[in-house]
Amino acid sequence: MTATVASHRKPRQHPLAALTGGGSRSARTARTAATLALAGAATAAGLDGTGQAAPQPTPAQVKGRVDALYQEAEVATQSYNGAKEAAERAREELSRLQDEAARRTEKLNASRTELGTMAASQYRAGGIDPTVRLLLSADPQRYLDGAAVLQRTGSHQATAVAGYARRLGSVRQIQRRAEDTAERLADTEAALKKHRVTVVHKLGAAEQLLSRLTAEQRQRMAGRGGAHAHAGAGQGRAAHGTGHGEGLRGGTGPEAAAAAARAADPRAARAVAFAYAALGKPYVWGATGPSGFDCSGLTQAAWKAGGVALPRTTYTQISSGPRVDRSQLAPGDLVFFYSGISHVGLYVGDGKMIHAPHPGAPVRIAPIDQMPFAAATRPA
C-alpha cells in the first residue's frame with residue numbers, strides 16, 4: 001500500500017523549474033537567465049549595502065573630522081581644567097580644616113583635662129560640683145543645651161564647663177565641614193577622571209585618522225594651517241612649518257615690541273611680551289607652562305607675567321574684565337571662540353592673536369578669523 005501511494009507522487013521540482021515550466025531545453029535556458037538575473041541582483045545589493053567596504057575619506061574629510069575632534073577635546077580640556085582647579089581648592093580647604101580641627105581638639109582636650117582635675121579635687125573634698133557632673137553626662141546634647149545655664153552661675157567651674165562646651169561645638173562644626181569637603185573632593189576627582197578619559201579618547205581618535213594619511217598629505221595639511229602633521233595624543237611636539245602667516249619663533253623682535261607698544265596698559269604690554277616669548281612652545285593639554293601650554297594655560301601665564309591673576313578656564317576667563325567690541329581690540333585682550341567659549345587666544349594686533357591651538361600645533365600667531373569668533377575681554 002505504501003509503495004502504491006509513493007508511485008503516484010509527483011517528483012519535487014526545483015523552485016526555478018516550477019517557475020519556468022519543467023525540464024525542457026527552453027526551461028533550462030530560462031533557468032539560466034533567472035540565475036544570472038538573481039546573481040546580478042545580489043551583486044547590486046552588495047554594492048548598495050554592507051557588502052562593499054566604505055571608501056577611504058579624502059584628506060579634506062580627514063582634516064574636517066580631525067579639527068572637530070580637536071575642538072571636542074578642547075571642550076573636555078576646559079572641563080578638566082575647571083575640575084582640576086576645583087579639586088585643588090577642595091584639597092587646600094580640607095587640609096586647612098583638618099589642621100584647624102586638630103588645633104581646636106588640642107584646646108578641647110586641655111579643657112577636659114582641667115575639668116577632670118576639678119572633678120577629682122571635688123571628689124576628694126566630698127562631692128562633685130553639679131556643673132562638672134553635667135560634663136560627665138553620657139548625653140552630649142544635654143550637656144550643650146545646659147551650657148548657657150551653667151555659664152550664668154558665675155562659678156569658676158561653670159565658666160570652665162561653658163568654655164569646654166563652646167570648644168566641643170566648634171570642633172564638631174569643623175569636622176562636619178571637613179566631611180562635606182572630603183565628599184566634594186571625591187566627586188570632583190571622579191569628574192576629573194571622566195574628563196581626562198574623554199580628552200585622551202578624542203586625541204587618540206584624531207591621531208588614528210591622521211595615521212591614514214601619507215606623510216606628504218599631512219605636510220600639505222600642515223601647510224594650509226592645519227598643523228596636524230605631528231599630532232600626538234597629549235604630547236604636542238613643536239612643529240616648525242607655518243601657514244597663513246603663523247609665526248613660531250619666540251622672542252622680542254620688532255613685531256613683538258610694536259605690539260607691546262600698542263597695548264592698552266603696561267600690564268597688557270607685559271602679557272603680550274610673554275606670549276611672543278612663548279612662540280614655538282608645544283601644546284600640552286592641561287598645562288600652564290613654562291615648557292608647554294594649553295590655550296587657557298597660555299593666556300593665564302601671559303597675564304600672570306603682567307601682574308594679573310586670571311582664572312584657569314576659558315569660560316571663567318571671559319568674565320575677567322569688561323567686554324571689548326571686535327572693532328576696539330587692543331594687544332593683550334583675550335579673544336574667545338566657538339559658542340561654548342572653548343578656545344582663547346591673546347590678541348596682538350592687525351587681526352592676529354597668539355594662541356596654543358591643539359596637540360601637534362605649537363604656540364603660534366594666527367588670524368582671529370580662523371575660528372568662529374565669540375567675544376573678547378580686557379582683563380582688569
Classify the angle between the aromatic ring planes of His343 and Phe337 as parallel (below 30°), tilted (30 to 60°) or perpendicular (above 60°).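 Taking Phe337 first and then His343, their aromatic rings sit tilted (interplane angle of 30° to 60°).
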Assess whether a salt bridge exists between [X] and [Y], defined as any Lys/Arg side-chain N lying under 4.0 Å from an Asp/Glu carboxylate O.
X      : Y      : answer
Glu189 : Lys194 : no
Glu100 : Arg103 : yes
Glu85  : Arg312 : no
Arg184 : Asp180 : no
Asp265 : Arg267 : yes
Glu72  : Arg65  : yes

Would a 4.5 Å heavy-atom cut-off, applied to side chains only, mark [X] and [Y] as touching?
X      : Y      : answer
Trp285 : Arg196 : yes
Met353 : Met371 : yes
Glu207 : Val66  : no
Cys295 : Thr314 : yes
Phe373 : Val335 : yes
Leu346 : Leu298 : no
Val62  : Leu213 : yes

Within the distance-only criterion (no hydrogens, no angle test), does the side chain of [X] pair as donor or acceptor with the backbone N or O of [Y] below 3.5 angstrom?
X      : Y      : result
Gln370 : Pro367 : no
Asp99  : Arg96  : no
Thr77  : Ala73  : yes

As an exercise, state the distance from [atom1] of [X] to [atom2] of [Y], rounded to the nearest 0.5 Å.
X      : Y      : atom1 : atom2 : result
Gln78  : Thr316 : CD    : OG1   : 8.0 Å
Gln98  : Thr105 : CD    : OG1   : 11.5 Å
Glu93  : Thr181 : CD    : OG1   : 3.5 Å
Leu185 : Arg89  : CG    : CZ    : 12.0 Å
Glu179 : Leu94  : CD    : CG    : 10.5 Å
Leu168 : Gln173 : CG    : CD    : 12.0 Å

Same cluster or not: are [X] and [Y] linked, directly or through other Ile, Leu, Val, Met, Phe, Trp or Tyr residues, by side-chain heavy atoms under 4.5 angstrom apart?
X      : Y      : answer
Leu192 : Val199 : yes
Tyr338 : Leu203 : no
Leu334 : Ile341 : yes
Ile368 : Val324 : yes
Ile354 : Tyr347 : no

For the student: nearest non-hydrogen atoms of [X] and [Y], plus distance:
X      : Y      : value
Leu69  : Ala206 : CD1-N, 3.6 Å
Ala376 : Phe336 : CA-CD1, 4.3 Å
Pro282 : Ser291 : CD-O, 3.2 Å
Gly280 : Pro362 : O-CB, 3.6 Å
Gln317 : Ser320 : O-OG, 2.6 Å
Ala366 : His355 : CB-NE2, 3.5 Å

Do Lys304 and Arg270 pass the side-chain contact (heavy atoms from CB on, under 4.5 Å) test, and can you show the C-alpha distance, the side-chain angles, and the key distance before you say yes or no? CA-CA 9 Å; Lys304 182 178 180 181; Arg270 291 193 293 271; over 6 Å; no
Yes or no on ring pair (Phe, Tyr, Trp, His ring centres under 6.0 Å) for Tyr80 and His195, after CA distance, side-chain angles and deciding distance? CA-CA 5 Å; Tyr80 171 87; His195 295 315; 7.8 Å; no
Can Thr299 and Ser296 be counted as having a side-chain donor-acceptor contact under 3.5 angstrom?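 Result is no, nothing qualifies.
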Do Gln71 and Ser342 get their side chains close enough for a donor-acceptor pair, meaning under 3.5 Å?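 There is such a pair (donor and acceptor under 3.5 Å, judged by atom type) between the side chains of Gln71 and Ser342.
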Is the number of heavy atoms from other residues, nucleotides or ligands under 6.0 Å of Glu106 CD greater than 12?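 Open: at most 12 neighbouring heavy atoms sit under 6.0 Å from CD of Glu106.
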Evaluation steps, side-chain contact (heavy atoms from CB on, under 4.5 Å), between Arg104 and Ile174: CA-CA 9 Å; Arg104 296 190 185 193; Ile174 290 294; 3.8 Å; yes
With a 6.0 Å cut-off on the ring centroids, do Phe274 and Trp303 count as close?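 Not close enough - the centres of the two rings lie 6.0 Å or further apart.
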If we check side-chain hydrogen bond (donor to acceptor under 3.5 Å, both in side chains) with Asn81, which of these qualifies: Asp294, Thr313, Thr288?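 Only match with Asn81 under side-chain hydrogen bond (donor to acceptor under 3.5 Å, both in side chains): Asp294.
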